[in-house]
Amino acid sequence: MRLAFFLRQRGTACLALLMFMLPFMAYSEDMTIEFSLGANQGQHPIAVVPFKSETSGVAEALTPIIKNDLALSGVFRMVPTEGVANVPFTAADVKYPLWQAAGAQLVAVGSVVPAGGQFHISFALQDVAQKKTLTSGQFTVGADRARDVAHTIANMIYEAITGKKGIFNTRIVYVQKVGPEYRLQVADVDGGRARTVLRSKEPIISPSWSPDGGKLAYVSFETKKPVVWVQDLATGQRRMVANFKGSNSAPAWSPDGSRLAVTLTTSGNSQVYIVPAAGGSARRLTNSGAIDTEPTWSPDGASLLFVSDRAGGPQIYRISANGGDAQRLTYAGSYNVSPKVSPDGKSFTYIRREGGRFRVMIQDFGNNDSRVLSDGSYNERPSYAPNGQLVLYASEQGGKSVLYAATTDGGSRVKLAVINGSVQDPAWGPSSNP
Amino acid sequence: MNWKQLALGAATILALAACSSTKPAETAAPAPVDNASQNSGAAAGGAQQNGAVDPLNDPNSPLAKRSVYFDFNSSSVRASEKPTVEAHAAYLGAHADRKVQIQGNTDSRGSREYNLALGQRRAESVKNAMQVLGAKDSQLEAISYGKEKPKSTGNSDADFAENRRSDIVYQGQ
């Protein structure tokens, strides 16, 4: 069953995929996210052998990054390589019986070789039982791009085994609070290469990715009131796109990137409006005397989910992007908030307060069945990975907030532990990188 | 008027101009956040003539109270808070040049955006009461900090009660 798919996966990865981090973006030195392998019960035991010469020359060794990525997926289990009397760097070097004895179904091998100021990185994934190559790649990059190659290799391994698109080249955004300072942070999905894109002494909340990954919309209180800003990540240029009288908040990009759904209060209550992504006049979408907020678009752009307390407590509703009547989607529980639609449009994730806990939920549109994804005491703001297989959310532990990624089947979750300050309001970025 | 007052006045005018903008503005860098003008006791925008004391700066005036507190899960102005709202509404009615921002806050955990909307409801409640009592819509802006700026960070009932609050902030103060 896996075999047919494997054959399609062979080939060389495209370097264009890797060209997304711009050189003038400084990485923040004091960002101290630590990635821990919280979930390592995946069904596919894999041995990732340290690549030849990976600790000399390139900026960062590749295999620790690859292993972190694979563990994050919840699909793989790492087999220690230390005790095995075989240190292969190429497919031909792999002594299969030794890896079989070590319990590995898969062995990843590779090497890093200097090549005229750059580095040539080779990689192969071997199936131990079948003694054959499942996927392989060759990359020639500068020393600072080793991390991008590592994420790409993790994607290739993940795609070869699951048949689903990898998400290890994606980025996440979150707000980190350090002392009195709020920092809007963008990082690799494993927490690496984090950089500060905005600092403020006033709160920053609700960051939202543009569909092309090139911009962020967010709410900043720097003018002593909540205002929606859009910031270009490549240039750092930013502008106010919703600064009406009252509060401006909850930005959500339309899937085509042309508009933002926002919450405004010009009517005297919080209502959902649509504004052009470049700013301009607002068109009212919802029409109630209650709170309507936290809009989020369906992937096809035809409808939005939002939170309203028109029936008492906050519940999740769906409305056409053209307006009209809203349809209530959540009935279980008295407090359901912060919805996000899955990339395939078939389900949505949200937070339900129940028995004093704030749980991450997933619910199907078809039959309205809901299930608990995470049962910790306090969780906030879940968002889907672009491939729909993982949900990112913030969780509170011991008075600090940390980031988790959980598989949507509920089988595993991995912690992105933060050492300094606390993290809040995470959002998973799109798969495309400018 | 000395140089310091002049500078403060100029800063206030700039701040007012920035606050009144309702159109998107292009800026290249984050505006520096400056708390100094907010904490200064001298009301730069309200310099009094003939040496009269502005009741706004009289610590014994009911106007000295700038916070309106709410019951749990409520956005109604309760009876004990009405004198504060009435005093400010009357002052604004008599001082058409004065403007206030009413900042709603919440205590509860949960969605930041839903809390922002709950705080907004508390601010709008105070705003509506002030309009009924003689202040004009153009003098009032209701905004919310939601749960983002708790005055008390503890978890006791008293801490929560302290955060269920709308603050009345005069422009230029």
Side-chain angles (χ1 to χ4, degrees), chain A residues 182 198-206 219-226 228-230 235-250 263 265 268-270 275-276 278-280 290-295 307 309 314 335 337-338 350-351 353 356 358 378 380-381 396 424-425, chain B residues 15-35 37-38 73 75 99 101-104 108-125 127-128 131 137-138 140-150 153-155 167 169 171:
Chain A
Y182 295 82
L198 181 70
R199 288 168 196 269
S200 180
K201 295 271 189 263
E202 299 295 330
I204 303 166
I205 64 169
S206 306
V219 178
S220 170
F221 290 73
E222 68 198 58
T223 59
K224 303 289 182 187
K225 61 177 278 187
V228 176
W229 295 72
V230 166
T235 65
Q237 276 260 316
R238 54 199 294 268
R239 59 155 60 208
M240 297 179 180
V241 296
N243 182 23
F244 297 92
K245 189 177 179 183
S247 293
N248 307 262
S249 68
T263 299
T265 64
N269 59 334
S270 299
V275 297
I291 288 171
D292 293 344
T293 189
E294 292 200 294
V307 169
D309 65 359
Y335 186 103
V337 295
S338 305
Y350 58 100
I351 295 288
R353 187 179 69 197
F358 293 79
Y378 187 77
E380 71 171 28
R381 208 172 189 240
E396 199 170 280
Q424 57 200 39
D425 266 6
Chain B
L16 287 174
C19 288
S20 63
S21 165
T22 53
K23 285 185 180 162
E26 187 86 33
T27 53
V33 176
D34 179 15
N35 287 316
S37 61
Q38 204 181 45
N73 216 7
S75 59
K99 290 184 175 181
Q101 191 186 55
I102 304 154
Q103 304 171 344
S108 60
R109 304 213 295 173
S111 157
R112 292 177 193 284
E113 285 287 350
Y114 184 61
N115 274 291
L116 198 74
L118 289 174
Q120 185 72 27
R121 191 179 266 163
R122 286 186 174 142
E124 298 281 358
S125 171
K127 182 188 170 193
N128 291 341
Q131 277 185 266
D137 180 66
S138 58
L140 308 167
E141 182 180 33
I143 65 121
S144 178
Y145 278 101
K147 66 174 187 179
E148 304 307 322
K149 295 196 111 182
T153 52
N155 285 316
D167 291 329
V169 178
Q171 265 187 21

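Just so we're on the same page: letters track the sequence lines, and every chain starts at 1.
Here the straight-line distance linking atom OG of Ser144(B) with atom CZ of Arg121(B) works out to 11.5 Å at 0.5 Å rounding. Distance CD/Glu380(A) to OG/Ser111(B): 8.0 Å, rounded to 0.5 Å.
Contacts of Glu148(B) with chain A are made by both backbone and side-chain atoms, with heavy-atom separations under 4.5 Å. In this structure, the portions of Arg109(B) lying under 4.5 Å from any heavy atom of chain A include both its backbone and its side chain. Contacts of Ala117(B) with chain A are made by both backbone and side-chain atoms, with heavy-atom separations under 4.5 Å. For Val230(A), no part lies under 4.5 angstrom from a heavy atom of chain B. Both the backbone and the side chain of Thr265(A) come within contact range of chain B, with heavy atoms under 4.5 Å apart. For Ile205(A), the part lying near chain B is the side chain, with the backbone staying farther off; criterion is any non-hydrogen pair under 4.5 Å. In this structure, the portions of Leu118(B) lying under 4.5 Å from any heavy atom of chain A include both its backbone and its side chain.
Between Glu141(B) and Lys99(B) there is no salt bridge, since none of the side-chain N atoms of the basic residue sits less than 4.0 Å from a carboxylate O of the acidic one. Checked for salt-bridge contact, Asp167(B) and Lys149(B) miss the test: no charged N lies under 4.0 Å from a carboxylate O.
Contact count against chain B (heavy-atom pairs under 4.5 Å) is highest for Gln424(A) among Arg381(A), Gln424(A), Arg353(A). Per-residue heavy-atom pair counts under 4.5 Å with chain B were compared for Pro203(A), Ser270(A), Pro226(A), Gly246(A), and the maximum is reached by Gly246(A). Of all the listed residues (Ser220(A), Ser338(A), Ala250(A)), the one sharing the greatest number of non-hydrogen pairs under 4.5 Å with chain B is Ala250(A). Comparing Val307(A), Asp292(A), Thr293(A), Val228(A) by heavy-atom pairs within less than 4.5 Å of chain B, the highest count is held by Thr293(A). Between chain A and the options Gly110(B), Gly119(B), Gly146(B), Ala142(B), heavy-atom pairs under 4.5 Å are most frequent for Gly110(B).
Side-chain contact check for Lys224(A) versus Tyr145(B): some heavy-atom pair is nearer than 4.5 Å.
Asp137(B) is linked by a side-chain contact (heavy atoms from CB on, under 4.5 Å) to Lys245(A), Lys127(B), Gln131(B), counting only residues two or more places apart in sequence or in another chain. Shown here are the ring pair (Phe, Tyr, Trp, His ring centres under 6.0 Å) partners of Tyr335(A), two or more places apart in sequence or in another chain: Phe358(A), Tyr114(B).
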message = Checking Ser200(A) against Glu222(A) for the side chain to side chain donor-acceptor pair (under 3.5 Å) test, could you report, in this order, the C-alpha distance in whole Å, the side-chain angles of both residues, the deciding distance, and whether it holds?
response = CA-CA 7 Å; Ser200(A) 180; Glu222(A) 68 198 58; 5.0 Å; no
